[in-house]
Structure formats: C-alpha cells, structure tokens
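We count ligands from 1, going down the list as the structure has it; atoms in each ligand are counted the same way. This structure is a prediction, so every number in the text was calculated from the model and none was measured.
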Amino acid sequence: MSNQPRVLIVGHLGQVGVELQRSFSSFGEIICHDRDTVDIAAADQLRAMVRGAAPDVILNAAAYTAVDRAESEPDVAMAVNGAAPGILAEEALRASALLVHYSTDYIFDGSKITPWVETDKPNPLNVYGASKLAGEKAIQAVGGKYLIFRTSWVYGPHGNNFLLTMLRLAKERASLNIVDDQFGAPTTSISLADATRTIVAGVLAGSYGAADKWAGLYHLTCGGAVSWCGFAQAIFTRAEALLCGKHPAIHPIASSAYPTPAKRPRNSVLSNEKLSERLGLRMPSWETALDAVIARLANLDALPKQAEK
Ligand SMILES: NC(=O)c1ccc[n+]([C@@H]2O[C@H](COP(=O)([O-])OP(=O)(O)OC[C@H]3O[C@@H](n4cnc5c(N)ncnc54)[C@H](OP(=O)(O)O)[C@@H]3O)[C@@H](O)[C@H]2O)c1
C-alpha cells in the first residue's frame, strides 16, 4: 500500500457518509459512491464499483434505513442490507482491503435489562433488523479484514433524523407526545465517523497487531442512555438559541400509544466494553456529542432541509 491509502466511501450522501467524507478528507485518496452512481442491490454494479476503485479501505455507509417502510419492502431491504454487504466482503477479500460496515441495535429484541454485548443472541423484531443481521452474517461468512460496528439512534447535522425533526416540530407545535419507554444511546454521525477514522488509522498503522487480533464485530455508540422523550427534552433545553426560545411542552407516552408498522426494541443500549478493551477507544457521552452537533448547527445559516422518507 502507498503512503496514501485509497478509501472508498459507499453511501457518501447519507448522514454517516457525509461525516466520513469530512473525517477522512486528509487521510488519503477518497472515492465516493451513492445511489446516483451505483445501485448496491445490483451485484454486478457493486463488484464493478469496487474493482474500479481498487481501494485499500472500503467504508460502507449505504443502507436501506427506512425502518417502517421496510415492513412493506422486505426484498429491497434484504438486497441492500443483507446481500450487498456480503458482496462487498468478497470484493474486499479479493483486493486485500479493509471493510468497515455499520449495523444496528435493532438486531436485538430489547428484552434484556442491562446493555447488550456482542455475544448476546440477536432476535430482530422487524424487517430492517433482520436484514441488517443478514448483512452481518454475510460479512462474517466471508471473513477477511473486516470491522462491523453496531451502532444506535444515529443523528447529526445532516439527513433524516430525530434531532432535526424535533427542531422542525418545535417551531410548528406548542406540544409534542414522545415515546418514553424505549431506551438507547443517541449516537452522532460526527462521533461515529471520527471513531471510524481513529480505528482505521490504528489498523493501517499496525497498532492492533494482525487481523485475527482486531477483525470482527464491535458495539460502537455514544455513552450513556436515555429515552426518546428524555432525548427530546435535552434537545430543547440545549438548542434554545437555535429555537429562539421556543420550547414545546413534552408529554411522555408509551410505545403502545404510538403504533408504527415496525416494532422497536424497548432496551437498545449497547455496551462499548469490547471496543474500549480491544481497540482502546472511549466514546463521548451522548450529551457531549449532542452539544457538538448543536454547536455545528449554530454555525450554519439555516437548519438543513430533511427529505421525506
Ligand atoms: N440512522 C440510524 O438511526 C441508524 C441506527 C443504527 C445503525 N445505522 C446504520 O448506520 C449506517 C449509516 O446510516 P445513515 O443513518 O447514515 O443512513 P442514511 O442517512 O439513510 O444513508 C444511507 C445512504 O445509502 C444510500 N442507499 C440506499 N440504498 C441504496 C442503493 N440501493 N444503492 C446505493 N445507495 C443506496 C441512501 O440513498 P437514498 O437516500 O437515496 O436512499 C443514502 O445516501 C447504516 O448501515 C445504518 O443501517 C443507522
């Protein structure tokens, strides 16, 4: 490998992809693809994309992330989230490249009381979770130099996410009903991308040793835990300047009062212990990470627009 690694970012227009571009901008040569240049559900296009890029590192941030819509489009979700990661792993192996892939807390059923660890048994409650679990298994079946990062409740300054939805609703409504019986760790696209860069740099520098010492599956989320309702409360308290003092009244509700096509786990909290023990990385608390996103938004002229999903 030259001094300048070739880094292929798949899904560079998504919320994590945008931050990966920022975080890896001075890392090496960056090659980006998203739906406008490749359909990752088409195996031939995916293989041609990787072979054309000849990467040292593949960062796969592309995914079918519409959790509720996946219930009525299981085949598309499975092609994008279940099959494509396996093909990327085969191509990574062929090119001796490192593959980084993201998975989700929704592979668990939420029944545990303590944080989930990597050895806990997955049992997805919805099609999205099942498709992401299939993607994990497809990569593991191929093996090679791979890192799967299971993360949760991703949001940031761009894309479709809870934070931007809350900031929009705060301007439109005087009160909001928010689910208060699902718990997780809100994780920013910024922290995820920066953690990915630190770990990839460590792998390429040989800091973690041979691949059998570091390759595998890790939980990677911001620290702590909160309910959606508590998260909304924290957003409105910390974003007062962005909202010009608007702070809607929040009414906590049960999940049963807000039925959705996809069921969601009650406890989504993932333990980062393996990450810190094996890779020496500590993630910021969700509150600290939220402050960083709000500070970033305060420097933008207007809140970014969200596409309908
Ligand atoms: N968002 C969360 O709360 C969350 C939680 C846990 C884990 N994760 C995981 O984290 C990773 C990044 O998520 P994210 O929130 O950044 O997702 P995102 O914002 O939805 O971005 C995903 C990107 O993939 C693209 N894409 C989807 N289908 C494609 C296809 N067939 N061909 C090419 N590109 C395609 C999307 O394009 P379009 O926009 O045009 O569809 C989008 O640009 C994913 O693996 C996700 O499963 C996310």
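- For ligand 1, the atoms lying closer than 4.0 Å to a non-hydrogen atom of Val80 are 28 (N), 31 (N).
- Ligand 1 has no atom lying under 4.0 Å from any heavy atom of Phe162.
- Less than 4.0 angstrom separates some heavy atom of Val16 from each of these atoms of ligand 1: 12 (C), 16 (O).
- Only the side chain of Thr65 comes within contact range of ligand 1, with a heavy atom under 4.0 Å; no backbone atom does.
- The parts of Ala62 lying near ligand 1 are both backbone and side chain, judged by heavy-atom distances below 4.0 Å.
- Within ligand 1, counting atoms from 1 as listed, the ones closer than 4.0 Å to a heavy atom of Tyr102 are 10 (O), 11 (C), 45 (O).
- When ring centroids are compared, Trp153 and Trp228 come within the 6.0 Å threshold.
- Under the 3.5 Å distance criterion, with hydrogens and angles disregarded, no donor-acceptor pair is assigned to the side chains of His33 and Gln45.
- Taking only non-hydrogen atoms, the option from Arg35, His12, Arg150 nearest to atom 34 (N) of ligand 1 is Arg35.
- Proximity of Lys132 to ligand 1, defined as any heavy-atom pair under 4.0 Å, is confined to the side chain (atoms from C-beta onward).
- In this structure, Ala61 counts as a contact residue of ligand 1, since one of its heavy atoms falls inside 4.0 Å of the ligand.
- If you look at Tyr128 next to ligand 1, the close heavy atoms, those under 4.0 Å, all belong to the side chain.
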* Asked: Stepwise, does the side-chain hydrogen bond (donor to acceptor under 3.5 Å, both in side chains) test hold for Gln15 with Asn160?
  -> CA-CA 8 Å; Gln15 51 174 345; Asn160 288 296; over 6 Å; no
